[in-house]
There are 2 protein chains.
Amino acid sequence: MTNQTAAEAIIDTGKTEDPLGKRLRARRRELSLTLKEVADGAGLSVGFISQVERGLTVPSLSSLASIAGVLDSHVTTFLAQPEGKSQLTRHNERPIYAVDKAALSYERLSTTFPGSVLNSVIVHEPPGYRSEPIQHVGEEMFFVLQGAITLEVEDETTVLQAGDSIHFASMRRHSSWNHTAEPATILHVCTMDVFGDNPQQNQEPGNRAGHLNHHK
Amino acid sequence: MTNQTAAEAIIDTGKTEDPLGKRLRARRRELSLTLKEVADGAGLSVGFISQVERGLTVPSLSSLASIAGVLDSHVTTFLAQPEGKSQLTRHNERPIYAVDKAALSYERLSTTFPGSVLNSVIVHEPPGYRSEPIQHVGEEMFFVLQGAITLEVEDETTVLQAGDSIHFASMRRHSSWNHTAEPATILHVCTMDVFGDNPQQNQEPGNRAGHLNHHK
DNA sequence: CCTAAATTTTACCAATACTAAAATTGGGGG
DNA sequence: CCCCCAATTTTAGTATTGGTAAAATTTAGG
């Protein structure tokens, strides 16, 4: 509609934000590398890098990966990033989600804005509660606010006390267990779309089940 | 070296993990969509989607974006994801980073594994401490553990008490200020490479300054 | 200014992203 | 069992565009 370059039009999430090329250039400058250095490192030509950085061409995924490698960053760094309103939650006025009457409940901290990947909730685990082992895309972190829990990640079994934290890739099969007689409160952050919203474009919103199913 | 498909070889981060295609298929199944539905939605051909999902072809970034859109997900969802050892930190034995003697200090919670984007630290802000306003790629979340701080995100000024949280895109200019007479403890999570490590491949590691510079 | 490094531009080619259509699989019924 | 339909895979083939090499331009010193 407007006259942005093809690359810009293609890549960005719909919101106006820094396009791929700009970020690559910014990152290269940050490391004070020359086009040639990047090109050589990535096995590509100098001119091409120039084109990409100015949004005249869209690199293939493999090329982008190479370039990202030289820039010592992850591919995802350069793809559409969030933008939106910040979301405040007060400890006394948060939406609470009770998944099953068995008393496990969530307080949602983060919200969803276009491109957001961060998801945080406060989880209240009643004494004895045990979650099904699950694995999924992303990574996550637990920080124990109150009480203690036992966390199993694949073969490691760890007891976390208040103030302890753990960080791991969510693909590793994991489950948690409140082995104590006291309720435990955990701050849980993950990079996934736990609540099943975050529509990339507005399609039929309802009926999509979240991934937080401690299903059968 | 081995005989994985070209696509697999190209995309993955070096670690063995689910390649792009597998994830796309998994996601499609999750939404119980047909190849045709995805193809139509994305404006691509059925056969092509099939090829992509089986790793016979690598889609262009634009195509991938379209497909991701139909799958109601962010592009990054399907690109290399973390894998590694989980990292435990005990509240009494964490590495502490003191940035300037002015007494601001960090306890690092998360570690870095290939592809990880999650970064969490506990920040101790002494009374009166004020950080420089910064903006950068990514998104972040503050959760106040003790005390209170004033957080400014662009034009919004918010006072956060213990237990409160805020979540916003890091591109929005932000700074924090401990306006109280007590030290404040904040759990800070962001999707960026705060500590400046996370080498995608092992290049010269040293000398790269972190981004947490409250520099002049 | 003169030179050399860094970047941009141009012209061109070949790899491959993508298509269209035919071949295969896989259920359910009747 | 066989027909039918939906879903997926396979096969050829083309056109796009990702990518190159080299010349043109800019930038920065000395």
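Numbers restart at 1 for each chain; the letters A, B, ... are given by sequence-line order, proteins then strands.
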J.: Figure out the CG/C1' separation between A:Leu24 and C:dT7, and round it to whole Å.
T.: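 After rounding, the reported distance stands at 16 Å.
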J.: Heavy atoms, side chains only, cut-off 4.5 Å: are B:His167 and A:Leu109 in contact?
T.: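 In short, these two side chains do not touch, never coming nearer than 4.5 Å.
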J.: Rounded to the Å, how far apart are B:Ile49 CD1 and D:dT9 P?
T.: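 Those two atoms, CD1 and P, are 12 Å apart.
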J.: Indicate whether OP1 or OP2 belonging to C:dT7 is found under 4.0 Å from a side-chain N or O atom of A:Arg28.
T.: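 Yes, such a contact exists.
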J.: Where do N or O atoms of nucleotides 17-19 of chain C meet protein N or O atoms at under 3.5 Å, pair by pair?
T.:
from: C:dA17; atom 1: OP2; to: B:Val58; atom 2: N; distance (Å): 3.2
from: C:dA17; atom 1: OP2; to: B:Val58; atom 2: O; distance (Å): 3.2
from: C:dA17; atom 1: O5'; to: B:Val58; atom 2: O; distance (Å): 2.9
from: C:dC18; atom 1: OP1; to: B:Ser60; atom 2: OG; distance (Å): 2.9
from: C:dC18; atom 1: OP1; to: B:Ser63; atom 2: OG; distance (Å): 2.2
from: C:dC18; atom 1: OP2; to: B:Ser60; atom 2: N; distance (Å): 3.1
from: C:dC18; atom 1: OP2; to: B:Ser63; atom 2: OG; distance (Å): 3.2
from: C:dT19; atom 1: OP2; to: B:Ser45; atom 2: N; distance (Å): 2.7
from: C:dT19; atom 1: OP2; to: B:Ser45; atom 2: OG; distance (Å): 2.9
from: C:dT19; atom 1: O4; to: B:Gln51; atom 2: NE2; distance (Å): 3.3

J.: Once you apply a heavy-atom cut-off of 4.0 Å, does A:Thr34 come out as touching a base, just sugar-phosphate, or nothing?
T.: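 Counting heavy atoms under 4.0 Å across all strands, the contact made by A:Thr34 is with sugar-phosphate only.
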J.: Report each atom pair, protein N/O against N/O of nucleotides 27-30 of chain D, whose distance is under 3.5 angstrom.
T.:
none

J.: Hey, are the side chains of A:Leu20 and A:Pro59 touching, using non-hydrogen atoms and a 4.5 Å cut-off?
T.: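 In contact.
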J.: Is the closest side-chain heavy-atom distance between B:Leu64 and B:Val52 below 4.5 Å?
T.: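 No; the side chains remain at least 4.5 Å from each other.
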J.: For the pair made of CG in B:Leu35 and P in D:dT8, what is the distance, rounded to whole Å?
T.: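 Those two atoms, CG and P, are 4 Å apart.
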J.: If you measure from the Lys or Arg side-chain nitrogens to the Asp or Glu carboxylate oxygens, is any gap between A:Arg130 and A:Glu152 under 4.0 Å?
T.: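 The answer is yes: the pair qualifies as a salt bridge.
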J.: Respond yes when some side-chain nitrogen or oxygen of A:Arg54 is under 4.0 Å from OP1 or OP2 of C:dT9, and no when none is.
T.: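 Result: yes.
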J.: Looking at the side chain of B:Arg25, which of D:dT8, C:dT9, C:dT7 is the nearest nucleotide?
T.: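 Side chain of B:Arg25 sits closest to D:dT8.
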J.: Could you state the NZ-P distance from B:Lys36 to C:dA20, rounded to the nearest angstrom?
T.: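 For the pair B:Lys36 NZ and C:dA20 P, the rounded distance is 12 Å.
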J.: Whole angstrom is fine here: how far is it from CG in A:Leu33 over to C1' in C:dT7?
T.: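 Answer to the nearest Å: 15 Å.
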J.: So, for A:Val189 and B:Leu118, which heavy atoms are closest and what is the spacing to 0.1 Å?
T.: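 For A:Val189 and B:Leu118, the tightest heavy-atom pair comes out as O-CD2, 4.0 Å.
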J.: With side chains defined as the heavy atoms from C-beta onward, is the minimum distance between A:Phe168 and A:Leu151 less than 4.5 Å?
T.: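 Counting from C-beta outward, A:Phe168 and A:Leu151 do come under 4.5 Å.
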J.: Does B:Ser45 have any side-chain hydrogen bond (donor to acceptor under 3.5 Å, both in side chains) partners at least two apart in sequence or in another chain, and if so, which?
T.: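 Applying side-chain hydrogen bond (donor to acceptor under 3.5 Å, both in side chains) to B:Ser45 gives none.
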J.: Decide yes or no for A:Leu31 and A:Val70: does some side-chain heavy atom of the first lie under 4.5 Å from some side-chain heavy atom of the second?
T.: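 A:Leu31 vs A:Val70: side chains apart.
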J.: Could you check whether any side-chain heavy atom of A:Phe78 comes within less than 4.5 Å of a side-chain heavy atom of A:Leu71, counting everything from C-beta outward?
T.: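 Side chain of A:Phe78 against side chain of A:Leu71, heavy atoms only: contact under 4.5 Å found.
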